[in-house]
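Everything on this sheet refers to the single structure shown next.
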Amino acid sequence: MVKFKLRFVEYVVGALAGWYLLYLIAVGLISSPSGQVYAPKTLDPAATDNDKAAILAEGVVKSIEDCLDSSFGWEVNDLFFVPQLMDNTPAYQHGVIYATRPASDILAKTAARFGKTDTIDKRLADATSRFFTYSEKVWGFWFIYDCEGKYREGIKNWRAWAQSVGTNVKNAGIYNLKSDDIYEILKYCSSMIDYSIGILNNEQMSHFDADDNVFFTKGICSVVGNMLRSLLAVDSSIAERGGQENVDEALRRLDYIAGFNPLYVVAGGNDAGDAMLPNHVAALARHIDVAGQRINDLMRAMEK
């Protein structure tokens with residue numbers, strides 16, 4: 001009887017270990033630290049505020065929804081040590097939520113109200129201050145709040161605001177994008193780019209930190225790119241004033257960053273760099289830097 005029990009325990013432990021190994025292999029093979037590039041339709045001059053609000057709202061939530069809807073969902077809060085073992089996708093998702101929080105804040109304070117003294121739409125205030133600020137590591141079920149459920153509430157609130165703009169419903173949303181607002185949103189994009197470059201240019205970065213930093217900054221740039229594309233879609237004057245060349249080059253670099261997904265991140269071979277090995281960190285930083293310069297050019301044009 002004792003032998004039977006021990007053998008049964010061994011089978012159970014072996015089955016669990018085998019299941020866990022298959023799970024990790026599946027996560028490693030299927031999970032992707034990327035999202036779909038937002039491609040909003042170009043609006044014609046007759047587009048309504050409701051149409052424009054919908055595009056701006058998608059620019060805020062597209063990246064985080066892609067993470068939530070991916071094959072294995074939000075991996076940052078997964079059990080069984082997935083964030084520690086499969087660190088590229090969790091690092092990317094960390095970057096997405098890091099950039100989504102201020103993106104939600106700046107848009108709620110600019111394009112979604114008439115002036116600085118006006119009250120911020122409650123749905124957007126909740127999305128920014130209650131839902132997106134929830135810790136990205138919380139796991140829960142049923143009555144226990146988890147971060148995935150909170151983030152989906154934030155997404156729902158942004159879409160509810162957009163759907164209500166221009167309608168006669170109670171507490172209809174406001175869409176009021178001005179030149180000053182565009183400047184502030186571009187400033188947000190620029191600050192996120194600067195932060196990303198600072199991370200990648202850290203001379204103390206270890207070999208094992210390189211991949212985390214690459215995918216974290218990719219997550220940040222995903223949100224920046226979607227915000228910029230939504231902004232360009234609702235206001236053609238940005239390209240007219242800032243120059244189509246600046247717009248095209250910024251988007252080209254952001255598209256490259258979105259598709260940058262090396263199987264193994266190499267940072268030059270050692271701390272000093274090695275010309276015999278590629279330096280993925282420096283390569284990504286160069287493209288992010290160029291995108292930032294073009295965004296800064298657009299900002300300067302909006303100042304005139």
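- Looking at heavy atoms from C-beta onward, Pro40 lies out of side-chain contact with Glu58 at the 4.5 angstrom threshold.
- Side-chain heavy atoms closer than 4.5 Å link hydrophobic residues (I, L, V, M, F, W, Y) into clusters, and following such links, even through other members, never connects Val290 to Val224.
- The backbone N or O of Trp161 lies less than 3.5 Å from a partner atom in the side chain of Ser164, making a donor-acceptor pair.
- Residues meeting the salt bridge (Lys or Arg N to Asp or Glu O under 4.0 Å) test with Asp181, sequence neighbours left out: Lys178.
- Cluster annotation: Leu298 is connected to Leu251 through the hydrophobic network of ILVMFWY side chains, with a link wherever side-chain heavy atoms come within less than 4.5 Å.
- Cluster note: Ile174 groups with Phe114 through ILVMFWY side-chain heavy atoms spaced under 4.5 Å, whether in direct contact or through intervening members.
- Taking 4.0 Å as the cut-off between side-chain N and carboxylate O, Asp194 and Lys187 do not count as a salt-bridged pair.
- Between the Asp126 side chain and the Arg123 main chain, no donor and acceptor come within less than 3.5 Å of each other.
- In terms of hydrophobic clustering, with Ile, Leu, Val, Met, Phe, Trp and Tyr side chains grouped at heavy-atom distances under 4.5 Å, Val37 and Ile55 are assigned to different clusters.
- Side-chain contact check for Glu153 and Asn157: no donor-acceptor pair (N or O, by modelled atom type) lies under 3.5 Å.
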*Give the intermediate values and the outcome of side chain to side chain contact (heavy atoms under 4.5 Å, CB included) for residues Arg241 and Ser179.*
CA-CA 11 Å; Arg241 295 173 61 179; Ser179 293; 3.4 Å; yes
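- Between the side chain of Asp235 and the main chain of Leu231, no donor-acceptor pair closer than 3.5 Å is present.
- The pair Arg152-Glu148 does not meet the salt-bridge criterion, since no charged nitrogen lies less than 4.0 angstrom from a carboxylate oxygen.
- There is no path of hydrophobic side-chain contacts, each under 4.5 Å, that joins Phe131 to Val223.
- The ring-ring contact (aromatic ring centres under 6.0 Å, His included) analysis of residues 170-198, with sequence neighbours excluded, yields the pairs Tyr98-Tyr195.
- With values rounded to the nearest 0.5 angstrom, Asn226 atom CG is found 7.5 Å from Asp66 atom CG.
- Taking all atoms of both residues into account, the shortest heavy-atom contact from Trp139 to Asp146 is C-CB, 3.9 Å.
- In plain terms, the two heavy atoms of Phe132 and Ile97 that are nearest each other are O-CD1, 3.6 Å.
- Taking all atoms of both residues into account, the shortest heavy-atom contact from Ala162 to Asn50 is O-ND2, 3.2 Å.
- Using a 4.0 Å cut-off between charged nitrogen and carboxylate oxygen, Asp255 and Arg229 count as a salt-bridge pair.
- Looking only at distances, no side-chain donor or acceptor of Glu75 sits under 3.5 Å from a matching main-chain atom of Cys67.
- Note that Lys150 lies in the cation-pi zone of Tyr145, set by a 6.0 Å cut-off to the ring centre and a 45° limit from the axis.
- For the pair Asn88 (side chain) and Asp212 (backbone), a donor-acceptor distance under 3.5 Å is absent.
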*Quick one: do Phe215 and His94 satisfy side chain to side chain contact (heavy atoms under 4.5 Å, CB included)? Show the steps, please.*
CA-CA 9 Å; Phe215 288 104; His94 270 292; over 6 Å; no
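- Taking CG of Leu107 as the start and CG of Leu177 as the end, the distance is 8.0 Å to the nearest 0.5 Å.
- Interatomic distance, Ile295 CD1 to Met227 CE, rounded to the nearest 0.5 Å: 11.0 Å.
- Nearest heavy atom pair, residue Gly292 against residue Ile193, reads CA-CG2, 3.5 Å.
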*Are Arg113 and Ile120 close enough, and set up right, to give a side chain to side chain contact (heavy atoms under 4.5 Å, CB included), and what steps lead you there?*
CA-CA 6 Å; Arg113 61 177 180 169; Ile120 297 174; 3.8 Å; yes
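- Counting heavy atoms from C-beta outward, Ser230 and Lys62 have side chains that stay 4.5 Å or more apart.
- Checking side-chain atoms of Trp158 against main-chain N and O of Ser104 turns up no donor-acceptor pair under 3.5 Å.
- Remark: the Thr48 side chain and the Asp51 side chain contain an N/O donor-acceptor pair separated by less than 3.5 Å.
- In this structure, Leu200 is a member of the same hydrophobic cluster as Leu254, with clusters built from ILVMFWY side-chain heavy atoms closer than 4.5 Å.
- In this structure, CD on Glu184 lies 8.0 Å from OG1 on Thr110, to the nearest 0.5 angstrom.
- Screening residues 281-302 for ring-ring contact (aromatic ring centres under 6.0 Å, His included), with sequence neighbours left out, gives Tyr256-His287.
- Counting only distance, with no hydrogens or angles, the side chain of Ser222 and the backbone of Lys218 share no donor-acceptor pair below 3.5 Å.
- For the atom pair Ile257 CD1 and Thr217 OG1, the distance stands at 8.0 Å (nearest 0.5 Å).
- The ring-ring contact (aromatic ring centres under 6.0 Å, His included) analysis of residues 35-54, with sequence neighbours excluded, yields no pairs.
- Closest heavy-atom contact between Tyr151 and Glu136: OH-CA, 3.1 Å.
- Between Leu56 and Ala111, the shortest heavy-atom distance links the atoms CD1-CB, 4.0 Å.
- Side-chain N or O atoms of Asn246 include none that pairs as donor or acceptor with a backbone N or O of Arg294 at under 3.5 Å.
- The pair Asp297-Arg300 meets the salt-bridge criterion, with a side-chain N (NZ, NE, NH1 or NH2) lying under 4.0 Å from an Asp/Glu carboxylate O.
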*May I have the step-by-step check of side chain to side chain contact (heavy atoms under 4.5 Å, CB included) for Lys137 and Cys147, ending in yes or no?*
CA-CA 7 Å; Lys137 297 180 181 180; Cys147 61; over 6 Å; no
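- Note that CZ of Arg159 is 4.0 Å distant from CD of Glu65, once rounded to the nearest 0.5 Å.
- Scored by the salt bridge (Lys or Arg N to Asp or Glu O under 4.0 Å) test, Lys109 finds Asp105 as partners (sequence neighbours excluded).
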